[in-house]
Amino acid sequence: MQLAEFFSSQPNRLWHLAKQMNVNYAVGGLPWEEKSEKPWDLMPLIRMKQRYADFGLTLSVIESMPPSNNIRLGTPGRDEEIEIFQQFIVNMGAAGIPVLCYNFMAQFNWFRTSTTTRTRGGALVSSYDHSLMADAPLTEAGIVTEAQLWENLHYFLEKIVPVAESAQVKLALHPDDPPISPIRGVSRILTSAAALQRAIDLVPSAYSGMTMCQGTLATAGEDIPAVIRQFAGQKKLFFVHFRDVKGTPEKFEETFHDDGKTDMLEAMKTYYEVGFDGPARPDHVPTMEGEDNTNPGYELLGRLYGVGYITGLMEAAAKMSRASVTS
């Protein structure tokens with residue numbers, strides 16, 4: 001497993017701390033600060049990759065997308081967005097960036113009703129309570145059905161997967177977060193392991209797979225080790241968000257890595273058993289004492305805690321894996 005973190009596209013304190021913790025792999029967004037060019041153009045991607053490399057970090061994943069809401073909704077402008085998306089993938093391939101984490105959440109991305117829920121020791125986490133959405137008005141998109149989204153996803157993948165194959169860029173589809181449908185009239189379709197399987201089977205390819213977001217799939221009630229085995233067995237597990245939750249799709253909250261519903265050691269053991277050698281990062285961490293929560297889920301101290309916890313699990317799982325081979 002490649003222990004990674006999500007970094008800004010320019011060096012900051014986390015870059016230094018991550019290297020001190022022996023993190024050698026980077027997950028990046030798009031370099032929006034390069035105003036003279038589009039962030040999905042070739043040269044901004046190459047320069048960002050080189051900034052990481054000069055710091056001792058290998059850019060393994062881009063976890064961001066060009067504007068794509070027309071693609072998801074099937075509204076005018078989607079073909080223009082698809083053309084930009086295709087060029088983005090071509091540029092990723094040319095820059096040698098191997099994995100794209102993308103999603104198909106229409107109208108809004110990951111969604112929470114609170115970012116100030118108290119957890120252990122008074123730390124702050126994000127949470128979701130579906131009852132608070134009962135009387136929420138529709139968005140400007142109106143009613144968006146699951147059938148529409150499945151049709152639009154199929155259309156998108158037919159256009160994108162051949163480009164990804166040619167560019168040798170792996171498409172790692174992220175499940176919908178929260179895994180519940182609809183929210184404000186907008187359906188969510190990727191709410192289970194079965195739905196992710198259906199999605200990647202729409203246009204079969206060695207370059208079309210999934211992001212194993214443990215928190216989302218645990219929220220959905222999935223057996224995490226079983227899902228790891230399901231997709232790793234098909235060579236469709238490209239990227240991991242190693243995090244945890246408490247609760248159900250209707251009402252849940254994020255947790256510290258050691259305080260959720262998942263047996264995290266068993267999950268890590270499973271990654272080693274199946275031979276997963278891709279990137280994995282902590283995600284959606286608590287905001288801890290002394291932090292101002294301006295970036296919920298991504299403040300600094302919780303990320304340090306997460307990296308340390310994952311490092312320990314990796315060492316334990318690696319030793320268990322070696323012991324099982326020699327016994």
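The first residue in the sequence is number 1, and the count goes up from there.
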Centroid separation under 6.0 Å, is that true for the rings of Y309 and F256? no
Go through it in stages, so that I can follow the logic: the residues are R112 and D177, the test is salt bridge (Lys or Arg N to Asp or Glu O under 4.0 Å), and I'd like the CA-CA distance, side-chain angles, deciding distance and then a yes or no. CA-CA 9 Å; R112 298 290 186 268; D177 183 16; 2.9 Å; yes
Donor on one side chain, acceptor on other, R78 and N69, under 3.5 Å: no
Examine the side chains of T270 and E273 and answer whether a donor and an acceptor come within less than 3.5 Å of each other. no
How about H284 and H241: are their ring centroids closer than 6.0 Å? no
Ring centroid separation W15 to Y52 under 6.0 Å: yes
Donor + acceptor pair across side chains of D244, T262 (<3.5 Å): yes
H130 and Y128 aromatic centres sub-6.0 Å: yes
Could you verify whether a donor N or O on one side chain and an acceptor N or O on the other, from S114 and T117, lie under 3.5 Å apart? yes
Hey, are S181 and E146 close enough side-chain-wise for a donor-acceptor pair under 3.5 Å? yes
Distance only, no hydrogens: is a donor on one side chain within 3.5 Å (strictly under) of an acceptor on the other, for N152 and Q148? no
H16-F55 aromatic ring centre distance below 6.0 Å: yes
